[in-house]
Amino acid sequence: MSSSPSAPTPKLASGKSWRSRLPVEVGLLFAIAVVVLFTGIVDDSYRLKTAYNAKEILLQTSLLGIFALGAAIVIISGGIDLSSGSVIAFSGMICSAIMLSLSPLDESGNPDTNNLGAGIIALAILGTIFVGLIIGTFHTWLITVIGLPPFVATLASLVGLRSLGRVLIQDITGNIGTVGPSTKIYIFDPLFNDLGRVWWIPLLVFIVLSILLWLLMSKTLVGRHLYAMGGNEEAARLSGIHTDRQKWLAYCLGSVTASIAGILYCSYVGEANPESAGMGYELNAIAAAVIGGCSLTGGIGTITGTMLGALFLRVVIDSVAKTVKGSPDEFEGMIVGLLVVLAVAFNELRTGALRQKKFFPGKLGIVSLFILSGLIGIMGGVLSTSHPLWWGLGSGFAALLLLGLKALLERSASR
């Protein structure tokens, strides 16, 4: 009988401060409460339309959280999956293409997707999940047999799958009906559209997947092997763990959860468009996992943390949409990127010596001090609704003073 390496939770062992002993989930719950409270004070929407906002946040969190769960398991196992957004777009195209191919023809000889029936929808969903399994298997082959780094293997899918989807959708639509090639497929069946638009259905899928994956990672030998492989792959292999098999499982879970999300997104918008669907979602998946406590070096992370990470990310994006006037969509990428940097830095600091950490050492620290002050000044200017120049200069100068004081204190302490 093979022994099972334990999960690397001992990294938060005795001797650490009380701050490092707190689970990530506690900090995320506090942060979510703070953001919701702030948004409720600044914007009336949370007070006047409480139920509507809660349902919308839960719906969007579920759509994001479903594929973030798969991304988290890949990260915990020591890998990375950059293909989530393209898998979502490709899966939506596959699901719609199957339904279009099986739909009855109307009087003019074109597919009628208004009343498909549960059998066709179920077949399309199963076919799409199978395609997700194939994509995960192909990733594993590229990584374990060909020897490509996970970053390169999934980056190839990020670029290639979306392009393949654009080619296939025109071939498929060009050979069905009399309309000719199209870059989109529209599905009008009410039952299919309800899958992504009725708020509790994606939430139910998200909760069921979370429970299953939590059981896998916390209560099974396979889960402990995934943690062990992420902590030290060579040691895991020498201890008898079939690391190639564990990688196949991790990457298949990543692709299958992205495929499920692709089906729900396609249902939500009522169309399949591989050109723009899921654009940039791979960053959101990685961000939710990292914010939830997953370490990009592998071996650390939880399913519950990823769930709360997805919720925190959506709450912040929703807060920006409600509190920033003008074009809040333009700030989404900037906010997600900033949260990823803060989450990674926080996870590193909470397990290290925070008080002894030097943030602005040497000449590199001085240059970074001005870069950070400039970025804060830009943020202050673009977020303000009046006098952006003065707000930008003021916030940048204030940041320069505070960060400069921090740099001086670090230097005086080191003497």
Side-chain angles (χ1 to χ4, degrees), residues 63 66-67 70 81 83-139 154 156-198 201-202 205 251-252 254-282:
L63 292 173
I66 287 171
F67 62 96
D81 189 349
S83 66
S84 299
S86 292
V87 174
I88 287 172
F90 190 76
S91 299
M93 188 278 296
I94 291 292
C95 186
S96 299
I98 294 175
M99 288 187 287
L100 191 72
S101 303
L102 299 177
S103 61
L105 299 179
D106 58 17
E107 295 178 351
S108 58
N110 292 312
D112 181 7
T113 61
N114 287 284
N115 188 17
L116 295 172
I120 292 178
I121 296 173
L123 194 61
I125 292 173
L126 291 176
T128 306
I129 292 175
F130 178 73
V131 169
L133 196 64
I134 295 297
I135 294 171
T137 302
F138 185 63
H139 286 160
T154 55
S157 293
L158 169 67
V159 179
L161 273 179
R162 191 176 295 279
S163 179
L164 179 61
R166 294 174 63 184
V167 172
L168 286 179
I169 196 170
Q170 296 188 59
D171 285 344
I172 293 170
T173 53
N175 288 287
I176 299 176
T178 60
V179 178
S182 174
T183 57
K184 297 179 182 178
I185 297 177
Y186 295 95
I187 302 297
F188 301 105
D189 184 86
L191 178 61
F192 177 72
N193 289 332
D194 283 348
L195 293 179
R197 294 176 183 174
V198 178
I201 295 179
V205 175
Y251 282 97
C252 282
S255 297
V256 167
T257 52
S259 293
I260 295 173
I263 296 168
L264 294 173
Y265 272 114
C266 179
S267 165
Y268 180 71
V269 299
E271 67 173 31
N273 181 6
E275 183 176 358
S276 60
M279 189 70 75
Y281 284 14
E282 56 278 348

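Quick note: residue numbers are just sequence positions, from 1.
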Asker: Looking only at heavy atoms, what is the nearest atom pair of Ser84 and Ala258, with distance?
Answerer: O-CB, 4.1 Å
Asker: Can you check whether Phe67 reaches Val87 side chain to side chain, under 4.5 Å on heavy atoms?
Answerer: no
Asker: Keeping Asp189 on the side-chain end and Leu116 on the backbone end, is there a donor-acceptor pair under 3.5 Å?
Answerer: yes
Asker: Do you know which two heavy atoms are closest between Ala124 and Cys95, and how far apart they sit?
Answerer: CB-O, 3.7 Å
Asker: Which heavy atom in Ile66 sits nearest to a heavy atom in Pro202, and how many Å separate them?
Answerer: CD1-O, 4.0 Å
Asker: If we ignore hydrogens and angles and just use 3.5 Å, is the side chain of Ser267 paired with the main-chain N or O of Phe192 as donor and acceptor?
Answerer: yes
Asker: Please round to the nearest 0.5 Å and tell me the distance separating atom CZ of Arg166 and atom CZ of Phe90.
Answerer: 14.0 Å
Asker: Looking at CG of Leu264 and CZ of Arg197, how far apart are the two atoms once the value is rounded to the nearest 0.5 Å?
Answerer: 12.5 Å
Asker: How many angstroms lie between OG1 in Thr183 and CD in Glu275, if you round to the nearest 0.5 Å?
Answerer: 6.5 Å
Asker: Would you say Arg162's side chain and Ala277's backbone share a donor-acceptor pair under 3.5 angstrom?
Answerer: yes
Asker: Should Ile185 and Thr173 count as side-chain neighbours, where that means a heavy-atom distance under 4.5 Å?
Answerer: yes
Asker: Give a yes or no answer on whether the side chain of Asp106 reaches the backbone of Asn110 with a donor-acceptor pair at less than 3.5 Å.
Answerer: yes
Asker: Taking the side chain as C-beta and beyond, is there a heavy-atom pair between Ile176 and Ser101 under 4.5 Å?
Answerer: yes
Asker: Which value, rounded to the nearest 0.5 Å, describes the distance between Met93 atom CE and Leu164 atom CG?
Answerer: 6.5 Å
Asker: Can you find a heavy atom in the side chain of Tyr186 that is under 4.5 Å from one in the side chain of Thr113?
Answerer: no
Asker: Rounded to the nearest 0.5 Å, what separates atom CZ in Phe138 from atom OG in Ser83?
Answerer: 11.0 Å
Asker: I want to check something: taking the side chain as every heavy atom from C-beta on, are Cys252 and Leu133 in contact at a cut-off of under 4.5 Å?
Answerer: yes
Asker: Grab the two heavy atoms, one from Thr257 and one from Gly70, that are nearest each other, plus how far apart they are.
Answerer: OG1-CA, 3.4 Å
Asker: Has the side chain of Gln170 got a donor or acceptor atom that lies under 3.5 Å from a matching backbone atom of Pro181?
Answerer: no
Asker: Can you name the closest pair of heavy atoms from Ser103 and Asp112 and give their distance?
Answerer: CB-O, 3.6 Å
Asker: Checking Asn273 now: which residues fulfil side chain to side chain donor-acceptor pair (under 3.5 Å) with it, not counting sequence neighbours?
Answerer: Ser276
Asker: Are the side chains of Leu195 and Ile125 in contact, using a 4.5 Å heavy-atom criterion?
Answerer: yes
Asker: Taking all atoms of both residues into account, what is the closest heavy-atom pair of Ala261 and Leu63, and its distance?
Answerer: CB-O, 4.1 Å
Asker: Mind checking whether Thr154 and His139 have side chains closer than 4.5 Å, heavy atoms only?
Answerer: yes
Asker: Is any side-chain heavy atom of Pro111 less than 4.5 Å from a side-chain heavy atom of Leu105?
Answerer: yes
Asker: Just verifying a value: how many Å separate Ile94 CD1 and Ser259 OG, rounded to the nearest 0.5 Å?
Answerer: 9.5 Å
